[in-house]
Participant: 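Handing you a structure now.
From a predicted model like this one, the values you see are computed outputs, not experimental measurements.
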Amino acid sequence: MRRRKRFGLVSLGVAGLLGCASTGNLGTGYVPPPPVATEPLLRGGLVVWAWVDQRPPRKSEVSRFFHAVTWIPLLPVASAKYERLDEILSEMQARQQADRTLGATASAESTAASTGYTLARSLARAVAKDLRASGIADFVLFEDEAPALDHIRYELTGVLHDSTLFMTRTTYMLGPAVYALHAFMNPVYCGTTGAVVKATLTLRDRQSDQTLWQYDLDNTILRIARTTDEELVASTHNGTRFSVPVLQEPGVDPYSFFAWHFAALRQGMEAARADLAKTVSQVAATQ
């Protein structure tokens, strides 16, 4: 059974406005779609390497005040974006470990903060799962799944350009009086949540040293947030608090803090797989 790294909660408070709070994890929980190829188009194996991280520098930090500011009357909207959420959560987790407030177990998809969990690596692992299930290659390995990879003919590399998680929240300038809206409508729509994944994927034939395929994956998932949404919450003793709505989307773990990113990746891989299969078929036809 897959074990998931979980954040211990120091305090919960109110998640969102009226929704309940749950413990999140750093797992991938990525379930690939059905195969797209009836027979392997790449024979000789495919190795997927961890992505190179070229995301913009981190500008935003988790604040204890993000949800609180929406309670200020006449304030129209509050917004937040997290360019490197994996770094933020890893630092929060490290602080809790230092305070001996967190006990957790690790999995292959959910490495501990102390061993350097990175979203770029986890997204690449999900792509390896996706292509393994697609049937495009006779076998697919992630870089840490075999002691020796020199015999594998094809390799897929990637560069992660963006993985921003963004949220907006509003109480319609009513502040705490927003509760009165529940007398007329339930749930109350209170903003949006979304995530973007931008990456460049490159397939190379190691035997001929030729680049066979390059693809710019760029996909955003966006959902309306409601006051009754269940939320994942992580917090520390110093009051730092991060929360994100649970995402119920096929093929991803709803209780992963990175469910939004993997949902965006999973959607983006639909077009990427089809384009890869088409390109590889054309290359095979000329050989």
Side-chain angles (χ1 to χ4, degrees), residues 27-55 108-109 119-146 148-163 195-222 247 249-253 256 258-287:
T28 301
Y30 189 98
V31 180
V36 297
T38 56
E39 62 179 40
L41 301 174
L42 297 174
R43 296 190 178 276
L46 171 66
V47 57
V48 178
W49 299 101
W51 290 356
V52 176
D53 191 345
Q54 290 189 1
R55 293 176 291 178
E109 297 172 343
L119 184 58
R121 184 178 183 84
S122 200
L123 289 169
R125 188 185 295 277
V127 169
K129 278 187 172 185
D130 193 293
L131 295 181
R132 183 181 300 127
S134 73
I136 288 176
D138 48 2
F139 66 92
V140 178
L141 296 174
F142 190 59
E143 63 175 36
D144 62 2
E145 293 178 330
L149 301 170
D150 293 341
H151 65 288
I152 299 178
R153 178 172 179 178
Y154 300 97
E155 67 177 2
L156 185 76
T157 58
V159 177
L160 179 61
H161 302 293
D162 194 0
S163 65
V196 58
V197 171
K198 292 183 181 180
T200 299
L201 306 179
T202 302
L203 176 70
R204 190 174 72 92
D205 185 339
R206 304 168 80 185
Q207 193 174 85
S208 63
D209 197 25
Q210 290 184 333
T211 296
L212 303 180
W213 177 76
Q214 191 167 70
Y215 186 85
D216 291 322
L217 188 151
D218 184 351
N219 194 63
T220 300
I221 185 169
L222 181 67
L247 178 65
E249 191 77 11
V252 298
D253 179 2
S256 169
F258 302 104
W260 293 84
H261 299 90
F262 288 108
L265 174 68
R266 195 173 187 272
Q267 288 184 359
M269 281 299 295
E270 292 181 12
R273 277 192 313 275
D275 189 73
L276 174 60
K278 178 180 178 181
T279 301
V280 172
S281 297
Q282 292 172 346
V283 172
T286 61
Q287 293 178 344

Participant: Mind listing the closest non-hydrogen atom pair of D138 and G45 along with its distance?
Facilitator: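 The answer is OD1-N, 3.0 Å.
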
Participant: Hey, what do you get for NZ (K278) to CD (Q282), rounding to the nearest 0.5 Å?
Facilitator: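 CD of Q282 is found 6.0 Å from NZ of K278.
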
Participant: A side-chain contact here means heavy atoms from C-beta on lying under 4.5 Å apart; do F262 and D253 qualify?
Facilitator: no

Participant: Are the side chains of L203 and T279 in touch, meaning some heavy atoms are under 4.5 Å apart?
Facilitator: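 Not touching, per the 4.5 Å side-chain cut-off.
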
Participant: Which atom pair, heavy atoms only, marks the closest approach of A133 to P33?
Facilitator: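 It is CB-O, 4.1 Å.
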
Participant: How long is the gap from CG on D130 to CE on M269, to the nearest 0.5 Å?
Facilitator: 4.0 Å

Participant: Which atom pair, heavy atoms only, marks the closest approach of L46 to A137?
Facilitator: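 Nearest pair, atom of L46 first, then A137: CB-CB, 4.0 Å.
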
Participant: Out of V197, T220, V196, which one pairs with D162 under the side-chain contact (heavy atoms from CB on, under 4.5 Å) rule?
Facilitator: V196

Participant: Which value, rounded to the nearest 0.5 Å, describes the distance between T211 atom OG1 and E155 atom CD?
Facilitator: 9.0 Å

Participant: Between D205 (side chain) and Q210 (backbone), is there a donor-acceptor pair under 3.5 Å?
Facilitator: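 Judged by distance alone, no pair lies under 3.5 Å.
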
Participant: Name the one of L265, V127, L160, T200 that satisfies side-chain contact (heavy atoms from CB on, under 4.5 Å) with L217?
Facilitator: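 For L217, the side-chain contact (heavy atoms from CB on, under 4.5 Å) test succeeds with only one of L265, V127, L160, T200, which is L265.
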
Participant: Would you compute the distance between atom OG of S163 and atom CZ of F258 and round it to the nearest 0.5 angstrom?
Facilitator: 8.5 Å

Participant: Ignoring hydrogens and angles, tell me if any N or O in the side chain of S122 forms a donor-acceptor pair with the backbone of L119 under 3.5 Å.
Facilitator: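 No: the side chain of S122 does not pair with the backbone of L119.
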
Participant: On a heavy-atom basis, which atom in H261 and which in L123 lie closest, and how many Å separate them?
Facilitator: O-CD2, 4.5 Å

Participant: So, for A263 and I221, which heavy atoms are closest and what is the spacing to 0.1 Å?
Facilitator: CB-CD1, 3.6 Å

Participant: Do you know the tightest heavy-atom contact between R132 and F142?
Facilitator: NH2-N, 4.0 Å

Participant: Using salt bridge (Lys or Arg N to Asp or Glu O under 4.0 Å) as the criterion, list what pairs up with R55, not counting sequence neighbours.
Facilitator: D53, D86

Participant: If we only count heavy atoms from C-beta on, is the R266 to E249 side-chain gap below 4.5 Å?
Facilitator: no

Participant: Got a donor-acceptor contact below 3.5 angstrom from the D218 side chain to the K198 backbone?
Facilitator: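 No, the answer is negative, given that no donor and acceptor are paired below the 3.5 Å cut-off.
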
Participant: I'd like to check the ring-ring contact (aromatic ring centres under 6.0 Å, His included) partners of Y215; sequence neighbours left out, ordered by chain and number.
Facilitator: W213

Participant: Look only at the side chain of R121 and the backbone of A50, and say whether a donor-acceptor pair between them is shorter than 3.5 Å.
Facilitator: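 Side chain of R121 to backbone of A50, a donor-acceptor pair under 3.5 Å: no, none is there.
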
Participant: Quick one: are R204 and T157 in side-chain contact, heavy atoms under 4.5 Å?
Facilitator: no

Participant: To the nearest 0.5 Å, tell me how far L201 CG sits from W51 CH2.
Facilitator: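 So the CG of L201 and the CH2 of W51 are separated by 5.5 Å.
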
Participant: Do Y154 and I136 come within less than 4.5 Å of each other through their side chains, counting heavy atoms only?
Facilitator: no

Participant: Distance from R206 atom CZ to H151 atom NE2, nearest 0.5 Å?
Facilitator: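 These two atoms lie 9.0 Å from each other.
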
Participant: Do L276 and L156 make a side-chain contact, defined as non-hydrogen atoms from C-beta onward lying under 4.5 Å apart?
Facilitator: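 When only atoms from C-beta onward are counted, L156 and L276 do not touch, as no gap falls below 4.5 Å.
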
